[in-house]
Each structure stands twice: as C-alpha cells, then as structure tokens.
Number of protein chains: 2
Amino acid sequence: MNKIDIRYLAKELNLAISTVSRALRDSHEISPETKEKVFALAKRLNYQPNANASGLRGQKSKIIAVVIPDMVNDFFSLVISGIEKITQAQGYHFLLYFTHGDHALEVSFINTLANGRVDGVLLSITDENNNNEHLEELNRKGIPLVLFDRVSERMDNVKVTSDNYESAVTATRHLIDTGCKKIAYLKVHKSIPVGTIRESGYLEALEKYSKQPAPLILECTNDNDEAFAAIRNMLEKEKPDGIFASLEKLAVVCYRVCEQIQLKIPEDIKIISFSNLQTAALLNPSLTTITQPAFEIGETAARELLRIIRKKGGAKGDVVLKSRLIERKSTSK
Amino acid sequence: MNKIDIRYLAKELNLAISTVSRALRDSHEISPETKEKVFALAKRLNYQPNANASGLRGQKSKIIAVVIPDMVNDFFSLVISGIEKITQAQGYHFLLYFTHGDHALEVSFINTLANGRVDGVLLSITDENNNNEHLEELNRKGIPLVLFDRVSERMDNVKVTSDNYESAVTATRHLIDTGCKKIAYLKVHKSIPVGTIRESGYLEALEKYSKQPAPLILECTNDNDEAFAAIRNMLEKEKPDGIFASLEKLAVVCYRVCEQIQLKIPEDIKIISFSNLQTAALLNPSLTTITQPAFEIGETAARELLRIIRKKGGAKGDVVLKSRLIERKSTSK
DNA sequence: TTTTTTTACGGAAACGTTTCCGTGAAAAGC
DNA sequence: GCTTTTCACGGAAACGTTTCCGTAAAAAAA
C-alpha cells in the first residue's frame with residue numbers, strides 16, 4: 001500500500017507540493033478550482049498530514065501535557081473529563097502523566113516535555129513545598145504552563161483553584177449549626193497547601209462561630225491502617241461530636257472506625273468531608289460533602305492554557321471556582 | 001535564551017552533528033572519551049532531543065493512543081492507571097481520547113491518528129455493532145491495534161477481555177445459592193456484546209441451577225429516570241427476589257427504587273452487580289459485586305501493544321482475565 | 001500601447017534528527 | 001614494510017511539511 005503524503009497528492013494532480021499544501025490550508029493564493037481538486041483527492045484518499053513533519057516545521061504539535069498526581073479518586077477523573085471537553089472542541093490532543101506523589105518524577109516529566117512534544121502544560125503540583133526550578137525552566141523556555149488545584153504561590157503562572165478557605169469555613173460552620181460542640185479536623189501529614197488553607201478555614205470558623213475552647217486537629221499518615229488507628233484513638237479519647245475531613249479517604253476511614261466502635265452517624269457524631277465521590281449519596285449514611293467543581297476546573301484550566309498558547313502570553317488572571325456544600329444524612333440534626 | 005539542539009552541542013564540542021547524535025545514542029562507533037564529553041555537556045545544558053524531528057526521521061513517536069468511551073465509572077480510570085504503569089515503565093507516552101458513545105467520533109479519532117502521531121492504538125470499542133472499516137484501515141496501514149474490554153469478534157487483532165460469561169454464571173448462581181427463586185437480569189438497551197454475553201451466562205445459570213420457570217430480563221435505556229421507572233414497575237409487578245445488574249449504574253438505580261418502595265436489601269431482595277466501584281463496600285447495604293480486573297486489563301493491553309510495536313507483529317494471542325466475586329451484604333442470607 | 005499590479009502557482013530552503021556512506025589514521029595481519 | 005582491517009569520526013541525504021521567494025501570465029492602470 002502506497003503511503004499517501006503531500007508529495008503523492010501533488011504528483012497525482014500535476015501540481016507543485018507547495019500548491020497542494022496551500023490548497024489544503026485554504027490559502028487565498030490558490031484558485032477555487034484547484035482547491036476543489038485537491039480537497040476531493042485528499043478526501044478520497046483519506047489523506048492525513050504527517051504530524052511530526054508539521055510539528056517540526058511549524059514548531060507546534062497541537063498537543064498539551066496534563067500532569068497530575070494520580071487518579072485514585074474521582075476528583076482528577078472529573079478534571080480530566082473537563083480538559084478533554086475543551087481540547088476535543090478546539091482540535092487539541094493531550095498526553096496524560098501521573099507523578100504518583102513523586103516529585104522527582106514530576107521533574108523528569110516536565111524536563112522531557114520541553115522538547116517540542118507539547119505546546120503547553122497543565123499541572124497539578126505533586127509536592128508544593130519542594131522547589132520548582134523545573135517549572136521556572138519551563139517558563140524560561142517559553143512553554144505555556146497553567147497550574148490547577150495544587151498550585152504554588154511562588155509561581156506567577158495562571159492558577160485555577162477552588163475556594164478552599166471559604167468552603168472550609170462553610171463546612172465547619174455547617175457542623176456548628178447542626179449542633180456540634182467539639183469538632184475535629186482531619187488532615188494528612190504531608191502539609192500540602194490545600195490542607196493548610198482548609199485548616200485555616202476550620203480555625204477561623206471555630207474562632208468566630210463556636211465556643212469550642214481549643215481546636216482538635218489530627219494529622220494522619222497516608223497509610224490507611226495507621227490512619228484508622230489514629231482516628232480510632234482520637235475518637236475514643238477526645239470524643240468529638242463532629243468531624244471535618246479534609247480528604248474523602250479520611251472520611252471513609254472514619255465511617256469504618258465508627259462502625260467498629262459503634263458510634264452512630266449522625267446521632268453520635270456528624271461527618272462532613274471534602275469529596276468528589278459520585279457515590280457519596282449512596283454511603284451509609286449518605287455523606288455530606290464539600291464538592292469541588294472538578295469538571296469546571298479542568299475546563300477552565302484547559303481553556304486558559306489554550307488561550308495562552310494562541311496569544312503567546314495573555315493576561316495572568318487567576319481563577320477561583322466555588323465549591324458546593326451538599327447536605328446529606330451524615331450531618332442531619 | 002539559546003535553544004540547545006544537537007547542532008549547538010556539536011559546535012560547542014567541535015564535533016560533527018552525526019558524531020554527537022551517535023554519542024547520545026551510545027553507539028559503539030564513538031570513543032568512550034568523546035561520549036563522556038557529549039554526555040556531560042548534554043546533561044549540563046539539559047538537552048532534550050526534539051521529539052518531532054526524531055519522530056519524523058525515525059517514523060516513530062513513542063506515543064500510543066488510548067481511545068475509550070468515557071470515564072464516568074471507576075472501570076476506565078483503573079484501566080488507564082494500568083496502562084500508565086506500563087507506558088511509564090517502558091518510556092512511552094499516551095494520548096487519551098473519549099468517544100462519548102459516538103461512533104462517528106471514534107472513526108474520526110482513528111483516522112486522524114494514522115498519520116505518524118502514534119505508534120499504536122489501544123481501543124475499547126464504542127459501538128460494537130457498527131462497522132469497523134476504520135479499524136481495518138488502521139490494520140492495512142500497519143498501525144498496531146489492541147482491543148480491550150469492548151472488542152469486536154470480527155477483528156482479528158489482539159483482544160484483552162475479562163471472563164464475562166463465566167462470571168455472569170457465577171453471579172447468577174450466587175443469587176441462586178443464597179436462596180433466590182426469581183432472579184431478574186438488568187441490562188441497557190444498546191445491545192453491546194458484553195451485555196449479550198453476560199445475559200447468556202445468566203440464562204445458562206438459570207437453566208442449569210435454578211427451577212425458575214422463565215427468565216426475567218429488563219432492558220433499560222441509558223436515561224436514569226427512565227431506568228428508574230422501568231425498574232420500579234418491574235419490581236412491583238414481577239416481585240423478583242434477586243437482581244443481577246449487568247452495569248453498576250443499574251444497581252445504583254435499584255438501590256434508589258428499593259428505598260422508595262420500601263424493599264429491604266437483602267431481606268426482601270438481593271442484588272449483585274458487575275462493578276468496579278471502589279466504594280461498593282460503603283454503600284447501604286454494601287454491594288456484592290463481580291469486579292473486573294480493570295487495572296490488569298490496562299496493564300495487559302498496554303504490554304501487548306508495546307510488544308507488537310517492537311516486534312512488528314507478534315503472536316495474536318487473546319487474553320482473558322478473571323473477574324472476582326466479592327460477597328457483601330446485599331446478597332447475604 | 002506600455003507599465004504596473006495582481007493572480008496562481010513552482011522551486012527550494014528550513015525545521016532537528018538519524019543514518020548511510022565515505023575516509024584518514026591507527027592497528028593488525030602477512 | 002606493505003596490505004588489509006578496524007576505529008572514530010565527518011558530510012550529506014532523508015523524513016514530510018510549511019513558507020519564503022520568485023515568476024510567467026493575466027488583469028488593471030497609465
């Protein structure tokens with residue numbers, strides 16, 4: 001089978017390669033009749049321009065890279081779906097990379113991407129406390145970068161996030177409003193900024209709206225069994241009547257602990273959690289959540305990136321999207 | 001900022017471009033000392049070979065395409081994770097495409113991919129009943145293709161699936177064993193082969209292991225509200241004591257219906273479902289599932305594809321992976 | 001009519017690699 | 001000591017586009 005490239009089309013039509021190329025790109029220098037002939041043949045032979053050749057010549061690939069920690073919860077699945085919607089609509093493609101929480105892997109990905117493979121990068125930072133020389137380098141090379149969800153304040157790229165502080169206040173206040181007198185805040189030990197920001201929201205709300213004498217913060221590890229033990233210990237010792245989990249996996253562990261030590265939700269203890277779990281409504285009892293606009297975060301980040309790619313450096317406007325409190329049975333009075 | 005290409009390295013080291021290229025690829029024609037110098041400079045300048053240029057010259061991109069219907073349930077997220085593990089380990093990249101159930105979109109994706117952009121394609125077919133001329137075309141062009149989960153028996157590409165028939169038998173039998181006398185099978189109207197295969201498993205099990213006089217099959221639409229109405233109607237009229245849902249979304253709808261018409265699970269009715277829902281254990285009551293080895297399907301499919309890419313056409317061995325029955329409260333006696 | 005502009009196209013360079021082919025010098029074989 | 005082989009590298013072509021530059025012919029302007 002003959003491979004059909006632009007050269008073959010040209011030969012077949014008795015035209016110069018340049019003419020065919022221009023016709024395909026609908027240049028005004030080409031007569032309508034010639035265009036017609038070229039289009040017809042191209043369609044008939046299902047001609048597809050070689051991506052590497054165009055990319056090499058034009059110094060662009062129509063591909064962006066999406067770098068995220070992983071896909072173990074629904075949040076990033078939804079973000080990806082949002083990104084896909086935009087890239088698909090605008091004729092772009094995307095490569096997907098998981099850093100698995102490994103900063104070195106992130107550095108490696110970013111470095112190997114700065115070689116014409118992609119026109120831009122969408123990144124949710126793996127470890128926000130680590131250095132980001134690799135990102136500075138990306139900026140120096142002029143490769144558009146948009147950060148989302150897990151961002152670094154030290155970078156002045158466009159950032160797309162959700163209102164973690166405000167919704168943490170809302171969540172805490174919701175527990176207070178439903179009668180909780182002693183509210184615990186659960187986080188993971190790796191102090192990712194989003195965790196810290198949510199914590200300040202919790203503290204702020206306690207201060208302002210509650211009479212609780214002292215905050216009650218439990219720092220768990222990433223290990224589920226360890227978290228289970230820690231939470232159980234805390235529940236038995238401190239006996240809080242409200243729990244605010246900063247991550248959905250912590251809420252899930254809480255459910256298990258409560259089952260084991262026979263605490264009834266929401267009678268004995270109320271639980272609220274940040275979560276994008278699509279089955280939150282089906283848990284036993286259904287879980288009240290602060291749900292981030294994950295799909296919209298993906299859409300917005302992608303849209304911003306493509307805008308920058310086209311305009312070669314547009315306005316640097318951060319975008320903060322609103323999360324929603326979805327009240328369910330785990331916090332009913 | 002100077003862009004550092006191989007030409008720049010050559011000039012800097014007073015070497016020919018070809019020498020540098022060979023050194024970087026660790027050719028035996030280059031002396032160890034020269035290699036050292038080249039490696040050192042390349043590392044110092046963080047040189048990354050231009051992907052489009054290598055791709056164009058070498059006619060390969062080290063990128064594969066992954067085409068799936070969507071990511072609305074955990075199954076495909078897990079598959080993607082499995083694929084990522086393999087591509088990452090073997091130095092490949094992957095582009096992700098969603099067909100959203102639109103056959104024409106699948107055709108369009110496949111066609112535009114056959115232009116050197118990717119070295120191979122991993123596909124879960126959108127509509128197995130539709131024609132697959134686009135896939136034949138891909139085969140003719142010599143672009144490796146591996147099908148997974150939703151495959152077409154008419155294609156003789158490598159296929160990676162799970163044991164839908166056997167596990168449907170197992171699922172039905174599980175309901176029979178827990179005492180169900182009248183078991184309904186729930187499917188969606190689009191007769192995707194996987195649905196049909198599961199149905200035959202259900203029928204086979206009824207025939208062999210149950211005294212149920214006739215099968216009870218309900219065909220739902222993709223619309224959740226319609227499915228709700230249909231299931232409710234069926235439950236009230238037929239009063240089955242066991243439900244086998246071929247898709248997890250149907251099981252979820254069942255839960256809602258049961259709640260509304262006050263049927264107790266598992267006392268009044270038992271439910272089992274194909275599902276990869278990570279929170280199946282947390283539902284109320286926890287849901288007994290047939291869980292497909294999604295991650296392994298992704299791993300296997302990717303591994304097979306990369307093998308074919310390297311060997312340029314290896315053995316055509318289909319792979320069937322085993323699903324697991326995970327017994328939970330929705331089917332307890 | 002002559003000159004200028006426009007139209008519609010052709011030729012060739014360039015994008016950054018990889019690899020084929022060639023070659024002088026050193027090493028090996030005789 | 002002469003021929004042959006090996007070694008280590010250089011030059012240039014090729015991958016398939018896009019676009020710059022050039023140019024006959026036709027159209028417009030003079």
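By convention in this document, chain letters (A, B, ...) are assigned in the order of the sequence lines, proteins followed by strands, and residues within each chain are numbered from 1.
Paired with V146(A) under the rule side-chain contact (heavy atoms from CB on, under 4.5 Å), one option of I309(A), L122(A), I64(A) passes, and it is L122(A).
If you find the closest nucleotide of DNA chain D to I30(B) and to A53(A), the one lying nearer the 5' end belongs to I30(B).
Here dC15(D) presents its C1' atom at 14 Å from CD1 of I6(A), a figure rounded to the nearest Å. One interatomic measurement links the two molecules: CZ of R117(B) to C1' of dG16(D), which rounds to 14 Å at whole-angstrom precision. Following rounding to the nearest Å, K62(B) (NZ) and dT18(C) (P) show an atom-to-atom distance of 12 Å. Between the P atom of dT17(D) and the CG atom of N115(B) lies a distance of 9 Å, rounded to the nearest Å. For R7(A) and dA12(C), the CZ to P distance is 14 Å, given to the nearest whole Å. Here dC15(D) presents its P atom at 9 Å from CG of L56(B), a figure rounded to the nearest Å. Atom CG in D5(A) sits roughly 12 Å away from atom P in dT18(D) (whole-Å rounding).
For E137(A) and K141(A), the salt-bridge test passes: some basic side-chain N is under 4.0 Å from an acidic carboxylate O. A salt bridge does not link K159(B) with E304(B): none of the charged nitrogens is closer than 4.0 Å to a carboxylate oxygen.
Nearest approach of I4(B) to Y47(B), heavy atoms of both residues: O-CD1, 3.5 Å.
Between the side chain of D119(B) and the backbone N or O of K62(B) there is at least one donor-acceptor pair closer than 3.5 Å.
Side-chain contact of N157(B) with N139(B): a donor-acceptor pair under 3.5 Å is present, judged by distance alone.
With a 6.0 Å radius and a threshold of 12 heavy atoms from other residues, nucleotides or ligands, K35(B) has its NZ atom above the threshold.
Residues from residues 13-28 of chain A placing a heavy atom under 4.0 Å of any atom in DNA chain D, listed by number, are I17(A), S18(A), S21(A), R22(A), R25(A). Across residues 31-49 of chain A, Y47(A), P49(A) each have a non-hydrogen atom less than 4.0 Å from an atom of DNA chain D (numbered order).
Q59(A) has no side-chain polar atom (N or O) that falls below the 4.0 Å cut-off from OP1 or OP2 of dA14(C). Distances shorter than 4.0 Å separate none of the side-chain N or O atoms of K3(B) from OP1 or OP2 on dC15(C). Neither OP1 nor OP2 of dA14(D) sits under 4.0 Å from any side-chain N or O of R57(B).
Interface remark: the E29(A) side chain does form a donor-acceptor pair with the dC9(C) base, using a distance-only criterion of under 3.5 Å.
In this pair, F109(A) and Y97(A) present their aromatic rings tilted. The plane angle is within the 30 to 60° band.
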(request) Decide salt bridge (charged side-chain N to carboxylate O under 4.0 Å, His left out) for E12(B) and K37(B); before the verdict, give the C-alpha distance in whole Å, the side-chain angles of both, and the deciding distance to 0.1 Å. (result) CA-CA 11 Å; E12(B) 204 73 2; K37(B) 280 192 283 184; over 6 Å; no
